[in-house]
Colleague: 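Sharing a structure, written as structure tokens. Questions coming.
Residue numbering restarts at 1 for every chain, and letters A, B, ... go by the order of the sequence lines.
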Amino acid sequence: MRPGNPEALSLPYDPSRIEPERYAFWEQLGVFQPRADLAAAPRGTGSKAPFVIAIPPPNVTGSLTMGHVLGESIRDTIVRWQRMEGRETLYVPGMDHAGIATQNVVEKKLRAEKQSRHDLGRDGFLKAVWEWKEQYGGLIFQQERRLGTTPDWTRERFTLDEQYSHAVLHVFKKLYDEGLVYRGRYIVNWCPRCRTALSDEEVDMVETDGHLWHIKYPLKDGSGSLTVATTRPETMLGDTGVAVSPKDPRYTGLVGSFAVLPLVRREIPIVADDMVDPKFGTGAVKVTPAHDPNDFQTGRRHGLSEIVVMDEDGRMNDAAGDFRGLDRFEARTRIVAALQDAGYLDKVEPHRHNVGHCSRCNTVIEPYLSWQWFVKMAPLAAQAIEAAKKGKIKLFPGRWKKVYLHWLENIRDWCISRQLWWGHRIPVWYRGEEMIVSIERPEGDGWVQDEDVLDTWFSSWLWPFATLGWPNPTNDLARYYPNSLMVTGSDIIFFWVARMVMAGYYFMGEAPFSHIYFTSIVRDAQGRKMSKSLGNSPDPLAMMEKYGADSVRFCMVQTPTGQDLLFDEKRLESGKFFANKLWNATKLVSMRMGDEDLSGVKESQLRLTLADRWILSRFANAVKDVTRNLKTYRFAESAQAVYHFAWNEYCDWYLEMAKPRWALADLGDAMTDEQRADLRTARWVSWKVLDGILRLLHPFMPFVTEELWQALPHDGDTLAMASWPKAKKSWFDAASEREVEFLQAVVVAVRNLRIESKIAPGKPVPVFVRGDAAQLDLLEKLASQITPLARIEKLTVSRDGSRPKVAASAVVEGAEIFLPLDGLIDLDEERARLAREAEKLLTDLEGVKKKLRNQDFLRKAKPEIVAKENERLVQLEETLDKLKRAQQSLISVKE
RNA sequence: GGGCGAUUAGCUCAGUUGGUAGAGCACUUGCUCGACAAGCAAGGGGUCACUGGUUCAAAUCCAGUAUCGCCCACCA
């Protein structure tokens with residue numbers, strides 16, 4: 001046992017003073033690494049298995065947001081709790097190279113210097129990005145240390161690390177060899193600004209007000225025209241057909257004949273296809289196979305040619321004839337005008353529809369026909385689906401399972417090639433007609449590597465095992481895979497979570513983790529998403545500076561489960577106030593501990609009072625609550641349980657009840673043996689329970705709890721490695737809880753009477769109590785501990801039934817409490833108060849009576865419920881009766 | 001077009017198997033009494049969105065309605 005250091009508490013609580021130092025302290029102790037003694041032992045199973053969690057790797061360009069703070073608070077709370085439970089814990093940190101995002105950032109910087117990536121060339125540009133990464137990348141982890149999180153920094157990974165890159169390329173080759181990666185020319189989502197293909201997940205659909213243009217296409221035989229409706233007239237230049245519904249009688253005669261494409265004069269066939277809905281628009285659809293995914297399918301079904309009319313910047317190309325060189329939106333305007341001039345435009349209707357936007361830069365997506373690499377997903381999805389269905393992986397909150405399954409069951413192939421430079425270059429080599437998939441450059445001359453890189457998510461989906469050294473059979477991999485838990489936002493459930501599960505099964509034969517907890521999405525007070533452009537994202541570092549990292553953690557962790565969090569800075573105050581409260585409580589306890597060594601004290605040597613038994617029982621309950629709620633990811637409930645116990649029970653009541661016994665120390669040598677034992681007991685219990693509170697709270701508020709724990713006598717180097725409290729069976733004591741509840745009710749009643757009677761707050765008052773023998777006995781036994789709480793001058797328990805003549809009165813559990821007034825106050829007011837009280841009781845009484853008159857209730861309700869109501873009836877009637885008599889006595893005094 | 005979530009005190013939200021509606025903040029009143037004014041004590045404030053149903057009993061279970069939000073979806 002080490003002595004405490006009470007002087008540490010002489011200054012007021014100031015988070016910015018204590019927090020930064022503590023982090024270095026933990027790091028020096030090696031708190032963040034898996035415990036060496038446990039890591040040296042054979043790997044256990046179940047709750048003895050290592051607890052492993054990986055950070056969702058933030059973008060290398062990222063800086064800390066409140067969203068990160070939320071996730072990190074939750075992850076670290078769990079890790080710290082598990083560590084205290086004695087488990088070997090590993091929290092793996094790392095960053096994502098974030099292909100598009102990072103390339104955008106560096107290109108922007110180049111633009112500011114009037115350069116483009118093409119000026120530097122591929123190698124030069126990559127060098128520039130790496131330099132940027134070394135200089136600015138990873139800022140987020142510097143910021144994160146301020147939050148007090150405990151990842152094992154010695155294992156920090158980056159998705160472009162050599163080993164990790166090898167894993168990515170290995171995966172590509174393996175999937176290719178096994179027929180799950182293929183190259184093909186298909187319509188993909190193309191961002192003309194980023195100049196790359198995107199996956200479906202990287203496209204945001206935005207409901208947009210547009211138009212439906214009705215365009216007349218003349219029939220080749222000159223017998224008239226048919227009208228098509230389109231939202232994208234500019235693509236008509238690439239039309240190679242017109243489709244109608246086979247069931248549409250209007251057009252049956254035309255199927256098989258040709259129309260002449262306006263402006264272009266190309267003859268295009270009219271085909272029948274089920275894709276067409278006769279009820280929409282004109283029932284005739286222009287078919288542009290190279291610029292629309294549906295039309296692509298239709299085109300393939302009917303053997304229509306595919307004419308690309310735009311380039312990769314979204315400008316019209318040579319195939320666009322007179323419109324070549326125009327931006328696609330400019331071309332739209334000009335084409336519509338040209339159609340109108342030539343009399344082809346039938347009409348224009350306003351039309352609301354969904355338009356895809358690049359999730360990175362918000363540019364309108366262009367469906368674009370190009371050569372890309374894809375992953376066949378259906379075979380990978382099968383096990384991920386089964387895992388969730390069979391409960392091998394559990395999602396919290398559970399409703400996300402449906403979302404997860406729906407996506408997997410309707411999964412589409414994944415476009416993984418990106419026309420970028422920053423990323424894992426696709427390990428495919430070409431020489432003339434030859435193609436080789438190989439991680440190494442093939443032997444021989446003339447091989448040219450594929451220009452494209454892989455989607456960033458194609459590397460991050462390997463995170464749970466690639467960070468542990470895979471594909472090499474490392475010790476870490478054997479020991480720490482699978483991970484235990486994934487904590488992340490539901491916004492990346494498809495991007496990342498579901499894909500990790502697929503990769504985990506496919507490459508490791510096992511789910512990457514068994515539990516997935518989805519955090520809230522942090523929004524501003526108006527419910528808007530946090531964003532740089534809105535400027536509504538509070539700076540987490542400023543928040544920590546102002547309220548302390550402890551408070552930020554404590555408050556952020558208490559988010560509604562699986563609901564959006566409307567962030568309001570004001571909320572952060574409460575954690576700081578709580579920390580301050582504990583600071584002062586600890587100061588008090590440590591001051592009153594004296595220099596007595598309590599470490600060897602056994603419970604059997606103590607003289608536990610009712611108050612002690614009560615607080616120990618309440619503590620045991622708190623331990624149970626806090627732990628149970630952590631187990632089920634109910635962080636708000638867990639945190640609230642400590643908060644409420646520490647503040648409203650321990651500080652508000654127990655410490656006050658301990659004060660009179662602490663004061664015995666003033667007697668010095670004059671103390672009797674019994675008094676000495678009482679003093680020791682009060683010291684021991686107040687310290688033990690406080691120690692327990694600090695342990696329970698440590699995962700949530702690591703800094704202040706460590707600081708306070710060090711100030712008290714403690715065992716071990718750091719609270720971070722101390723053991724998690726256990727709820728001792730012998731401490732649960734329902735009888736003591738009931739008895740103290742009664743005493744508390746008496747105290748509250750007296751406080752009430754004083755206020756109602758307008759007695760000066762500081763003035764001690766005599767109090768008389770009439771009640772049953774057990775109640776009076778209780779009061780007498782604990783008199784010295786409760787009289788200060790209500791400023792009672794002298795507590796007289798009235799065994800003979802006598803009572804003061806003129807008194808304010810209240811009834812608590814049948815006991816009558818009298819506060820003598822001696823004509824001090826307005827009797828009318830006291831009578832009115834009693835009347836109000838009685839009225840309230842009467843309403844309750846009516847309710848109970850009604851219930852008990854109901855035969856159905858008596859017959860069908862559970863017996864204990866009926867008994868409870870009966871009990872309540874008796875008590876209400878008794879109380880009411882006593883209040884009435886009190887009123888009577890006041891009247892008789894007046895008369 | 002499908003799916004999901006929300007609706008409880010002025011605000012943000014709890015309310016785990018149905019059994020007397022809670023917390024924090026805000027508000028009112030009173031407090032330099034030996035830890036704490038970042039505090040203490042006391043208090044006001046709710047037809048639990050609406051309608052129906054199940055039940056002895058519904059904030060809680062079921063059905064529907066309304067409003068808000070999110071996700072998914074190839075009607076050009």
Colleague: For nucleotides B:rU8 and B:rA14, find the distance between their P atoms and express it as a whole number of Å.
Modeller: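 Approximately 11 Å lies between the P atom of B:rU8 and that of B:rA14.
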
Colleague: Pick base, sugar-phosphate or nothing for A:Trp213, based on heavy-atom distances below 4.0 Å to the nucleic acid.
Modeller: nothing

Colleague: Would A:Asp274 and A:Lys247 satisfy salt bridge (Lys or Arg N to Asp or Glu O under 4.0 Å), going step by step from the backbone distance to the final call?
Modeller: CA-CA 8 Å; A:Asp274 281 326; A:Lys247 298 184 206 74; 3.7 Å; yes

Colleague: Choose from B:rC56, B:rA35, B:rG19 the nucleotide whose nearest atom is closest to any side-chain atom of A:Lys868.
Modeller: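 Nearest to the side chain of A:Lys868 among the choices is B:rG19.
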
Colleague: Go through the steps to decide whether A:Tyr633 and A:Ser638 satisfy the test side chain to side chain contact (heavy atoms under 4.5 Å, CB included), and finish with yes or no.
Modeller: CA-CA 9 Å; A:Tyr633 308 112; A:Ser638 187; over 6 Å; no

Colleague: Could you state the CG-C1' distance from A:Leu582 to B:rG39, rounded to the nearest angstrom?
Modeller: 13 Å

Colleague: Could you please name the option among B:rA38, B:rC56, B:rC4 that lies closest to any side-chain atom of A:Ala861?
Modeller: B:rC56

Colleague: Tell me the interatomic distance from A:Ile759, atom CD1, to B:rA42, atom C1', rounded to whole angstroms.
Modeller: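 Answer to the nearest Å: 14 Å.
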
Colleague: Using the ring of A:Trp213 (Phe, Tyr or Trp, six-membered ring only), decide whether A:Arg332 places NZ or CZ under 6.0 Å from its centre and within 45 degrees of its axis.
Modeller: no

Colleague: Side chain of A:Lys851: nearest nucleotide among B:rA35, B:rA42, B:rG19?
Modeller: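 Output: B:rG19.
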
Colleague: B:rU12 and B:rC4: how far apart are their P atoms, nearest whole angstrom?
Modeller: 26 Å

Colleague: Among B:rA35, B:rU16, B:rG24, which nucleotide has an atom closest to any side-chain atom of A:Tyr643?
Modeller: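 Minimum distance to the A:Tyr643 side chain belongs to B:rG24.
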
Colleague: Determine the interatomic distance between P on B:rA6 and the same-named atom on B:rA21; round to the nearest Å.
Modeller: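 It comes out at 22 Å once rounded to the nearest Å.
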
Colleague: From B:rC56, B:rC36, B:rA35, pick the nucleotide closest to the side chain of A:Asn580?
Modeller: B:rC36

Colleague: For nucleotides B:rA38 and B:rC27, find the distance between their P atoms and express it as a whole number of Å.
Modeller: 14 Å

Colleague: Looking for any heavy atom pair under 4.0 Å, which part of the strands does A:Phe578 touch: base, sugar-phosphate only, or nothing?
Modeller: nothing

Colleague: Would you kindly compare A:Val748 and A:Arg872 by the position of their nearest RNA chain B nucleotide and give the one closer to the 5′ end?
Modeller: A:Arg872

Colleague: Check whether any side-chain N or O of A:Asn580 sits under 3.5 Å from a backbone N or O of A:Lys576 as a donor-acceptor pair, and report yes or no.
Modeller: no

Colleague: Reckon A:Lys576 touches a base, only the sugar-phosphate, or nothing at all at heavy-atom distances under 4.0 Å?
Modeller: base

Colleague: Mind calculating the distance between NZ (A:Lys546) and P (B:rA38) to the nearest angstrom?
Modeller: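 It is 15 Å, rounded to the nearest whole Å.
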
Colleague: Respond yes when some side-chain nitrogen or oxygen of A:Lys860 is under 4.0 Å from OP1 or OP2 of B:rC56, and no when none is.
Modeller: yes

Colleague: What integer number of Å spans the P atoms of B:rG44 and B:rC50?
Modeller: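 Their P atoms lie roughly 24 Å apart.
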
Colleague: Got a donor-acceptor contact below 3.5 angstrom from the A:Ser590 side chain to the A:Lys587 backbone?
Modeller: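 Yes, because the side chain of A:Ser590 sits within donor-acceptor range (under 3.5 Å) of the backbone of A:Lys587.
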
Colleague: Could you work out which one of B:rA38, B:rA35, B:rG19 sits closest to the side chain of A:Phe577?
Modeller: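 Ranking B:rA38, B:rA35, B:rG19 by closest atom to the A:Phe577 side chain puts B:rA38 first.
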
Colleague: Counting only side-chain N and O atoms of A:Arg634, is one of them less than 4.0 Å from OP1 or OP2 of B:rU16?
Modeller: no

Colleague: Within the pair A:Arg571 and B:rU12, is there a side-chain N or O less than 4.0 Å away from OP1 or OP2?
Modeller: no

Colleague: Kindly assign one of parallel, tilted or perpendicular to the pair A:Tyr13 and A:Trp583, based on the angle between their ring planes and the thresholds 30° and 60°.
Modeller: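 Ring orientation of A:Tyr13 relative to A:Trp583: tilted.
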
Colleague: Using a 4.0 Å heavy-atom cut-off, write out nucleotides 70-76 of chain B from 5' to 3' as B (base contacted by protein), S (sugar-phosphate only) or - (no contact).
Modeller: S-SBBBB

Colleague: Run A:Tyr643 and A:Trp647 through ring pair (Phe, Tyr, Trp, His ring centres under 6.0 Å) and show every step you take.
Modeller: CA-CA 6 Å; A:Tyr643 180 92; A:Trp647 198 317; 5.6 Å; yes

Colleague: Can you check whether A:Lys402 has a side-chain N or O nearer than 4.0 Å to OP1 or OP2 of B:rC4?
Modeller: yes

Colleague: For the backbone of A:Phe296 and the side chain of A:Arg300, can you confirm whether one donor and one acceptor N or O come within less than 3.5 Å of each other?
Modeller: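 A pair under 3.5 Å: no.
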
Colleague: Hey, does A:Arg859 reach any base, or is it just sugar-phosphate, or nothing, if we go heavy atoms under 4.0 Å?
Modeller: nothing

Colleague: Short question: side chain of A:Ser520, backbone of A:Leu565 - any donor-acceptor pair under 3.5 Å?
Modeller: no

Colleague: Using a 4.0 Å heavy-atom cut-off, does A:Ile755 contact any base of the nucleic acid, only the sugar-phosphate backbone, or nothing at all?
Modeller: sugar-phosphate

Colleague: Check step by step if side chain to side chain contact (heavy atoms under 4.5 Å, CB included) holds for A:Leu708 and A:Leu9.
Modeller: CA-CA 8 Å; A:Leu708 297 176; A:Leu9 308 177; 3.5 Å; yes

Colleague: Going by distance alone, is a donor N or O of one side chain under 3.5 Å from an acceptor N or O of the other, for A:Glu202 and A:Ser199?
Modeller: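 Yes.
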
Colleague: Write down the distance between CG (A:Asn410) and C1' (B:rG2), rounded to a whole number of angstrom.
Modeller: 11 Å

Colleague: To the nearest Å, give me how far apart CG (A:Leu708) and P (B:rA35) are.
Modeller: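 One finds 17 Å between P of B:rA35 and CG of A:Leu708, rounded.
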
Colleague: Can you say whether a donor on the side chain of A:Glu637 sits under 3.5 Å from an acceptor on the base of B:rA23, or the other way round?
Modeller: no

Colleague: With a 4.0 Å cutoff (strictly under), does any side-chain N or O of A:Lys659 reach OP1 or OP2 of B:rA35?
Modeller: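 Yes, within the criterion.
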
Colleague: Taking the P atom in each of B:rC40 and B:rA26, what is the distance between them to the nearest angstrom?
Modeller: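 To the nearest whole Å, 13 Å.
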
Colleague: Could you work out the separation of B:rU20 and B:rA58 based on their P atoms and round it to a whole Å?
Modeller: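 Looking at atom P only, B:rU20 and B:rA58 are 12 Å apart.
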
Colleague: Round to a whole Å and report the spacing from CD of A:Glu756 to C1' of B:rG30.
Modeller: 12 Å

Colleague: For A:Lys347 and A:Thr227, does a side-chain donor sit closer than 3.5 Å to a side-chain acceptor?
Modeller: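 Absent: no donor and acceptor within the cut-off.
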
Colleague: Based on Watson-Crick and G-U pairs with both distances under 3.5 Å, what dot-bracket line describes RNA chain B 5' to 3', crossing pairs as [ ] and inter-strand pairs as |?
Modeller: (((((((..((((.....[..)))).(((((.......))))).....(((((..]....))))))))))))....

Colleague: For the P atoms, the ones on B:rU29 and on B:rA63, what distance do you get once it is rounded to whole angstrom?
Modeller: 49 Å

Colleague: Taking atom types as modelled and ignoring hydrogens, do the side chains of A:Tyr217 and A:Asp239 form a donor-acceptor contact shorter than 3.5 angstrom?
Modeller: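 Side chains of A:Tyr217 and A:Asp239: pair found under 3.5 Å.
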
Colleague: Which nucleotide wins on minimum distance to the side chain of A:Arg628, given the candidates B:rU16, B:rG39, B:rG44?
Modeller: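 Side chain of A:Arg628 sits closest to B:rU16.
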
Colleague: B:rA41 P sits how many Å from A:Lys758 NZ, rounded?
Modeller: 20 Å

Colleague: What contact category does A:Lys581 fall into here, base, sugar-phosphate, or nothing, at under 4.0 angstrom with non-hydrogen atoms?
Modeller: base

Colleague: Just how far, in rounded Å, is P of B:rA42 from CZ of A:Arg791?
Modeller: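 Spelled out: CZ on A:Arg791 to P on B:rA42 is 14 Å.
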
